[in-house]
Number of protein chains: 2
Amino acid sequence: MDTGDRLLTPGEVAALFRVDPKTVTRWAAAGRIGSIRTPGGHRRFRESEVRALLEGEGMLDEAEDVGKPRNVGPATSTGPGPANAGMY
Amino acid sequence: MDTGDRLLTPGEVAALFRVDPKTVTRWAAAGRIGSIRTPGGHRRFRESEVRALLEGEGMLDEAEDVGKPRNVGPATSTGPGPANAGMY
DNA sequence: ATGTAGTGGGGTAATTCGGGCT
DNA sequence: TGTGTCCGAATTACCCCACTAC
């Protein structure tokens, strides 16, 4: 099935993350993001991969928040939600 | 999409609020402001969200809405759409 | 084949991160 | 409780030039 394997250039990914194209290249070099190399050596990234990293790092099942617009208390220690694969 | 999804760096947000970048980081850690992390661990903030906080529209009566209005429509309009038409 | 734009690689400065303290 | 500053460390941004992509 086609997961939208649209290939993006480093410049595209950089614009999405608001970073420098060189930084995106560094991510690929560090193995933090999948990269496809062209015969010339340039890198190309998958749209699906970048999208997953952009906001839904945890790919959590986004539930409808229509029944709770009143919660202003951050006391939800049960799980803030997006527990990205942080390792910093 | 067109909500001005321009991402800002902690330094930018800090300059907007006249506070230290560290303080902005605390807000993100407290969940008071949405934050997007780069594979490297750095944070990026949405211009629209920062703007709402600056305007004070985010702390009206109780309309605190820091969540992300995820459009669960049938169409995956979440994407920016036809950004590049056959670039490579 | 030539030209423009983007990309790659290396190196250095600036920013940000994380935790702890005043 | 919330903000600003300290530290060390990692990550990122911008500089150069050479090569690739169209």
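Chain A is the first sequence line, chain B the second, and so forth, proteins listed ahead of strands; every chain is numbered from 1.
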Do [X] and [Y] make a side-chain contact, defined as non-hydrogen atoms from C-beta onward lying under 4.5 Å apart?
X: Leu7(A); Y: Arg46(A); result: yes
X: Phe17(A); Y: Thr23(A); result: no
X: Trp27(A); Y: Leu53(A); result: no
X: Leu16(A); Y: Leu8(A); result: yes

Self-check item: Nucleic acid contacts of residues 17-29 of chain A, taken as heavy-atom distances under 4.0 Å to DNA chain C
Solution: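 Going residue by residue through residues 17-29 of chain A, the ones with a heavy atom under 4.0 Å of DNA chain C turn out to be Lys22(A), Thr25(A).
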Exercise. Using whole Å, report how far CG of Leu7(A) lies from P of dT7(C).
Key: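 The distance from CG of Leu7(A) to P of dT7(C) comes to 13 Å, rounded to the nearest Å.
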Quiz prompt | Spacing of Arg32(A) atom CZ relative to dT12(D) atom C1', expressed in whole Å | solution =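 Taking atom C1' of dT12(D) as the reference, CZ of Arg32(A) is at 11 Å.
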Exercise. Would you please test Arg44(A) and Thr38(A) for side chain to side chain contact (heavy atoms under 4.5 Å, CB included) and show each step?
Key: CA-CA 7 Å; Arg44(A) 221 107 290 167; Thr38(A) 63; 3.7 Å; yes
Quiz item: Within a reach of under 6.0 Å around CZ of Arg18(B), are more than 12 heavy atoms found that belong to other residues, nucleotides or ligands?
Solution: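 Open.
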Phosphate contact ([N] OP1 or OP2) by [X] side-chain N/O below 4.0 Å:
X: Arg44(B); N: dC17(C); result: no
X: Thr38(A); N: dT20(D); result: no
X: Arg43(A); N: dA21(D); result: no

Quiz item: Nearest 0.5 Å, what's the NE2-OG1 distance between His42(B) and Thr25(B)?
Solution: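 It comes to 9.5 Å.
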Quiz item: Who passes side-chain contact (heavy atoms from CB on, under 4.5 Å) against Ala28(A), sequence neighbours left out?
Solution: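 Here the qualifying residues are Ile33(A), Ser35(A), Arg43(A), Phe45(A).
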Practice problem: Among dA21(D), dG9(C), dT11(D), find the nucleotide with the atom closest to the side chain of His42(A). | Solution: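 Given the options dA21(D), dG9(C), dT11(D), the side chain of His42(A) is closest to dA21(D).
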Quiz prompt | Estimated bend of the helix from dG3(C)-dC22(D) to dG19(C)-dC6(D) (axis per five terminal pairs, rounded to 10 degrees) | solution =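 Computed from the C1' atoms at both ends, the axes differ by 60°.
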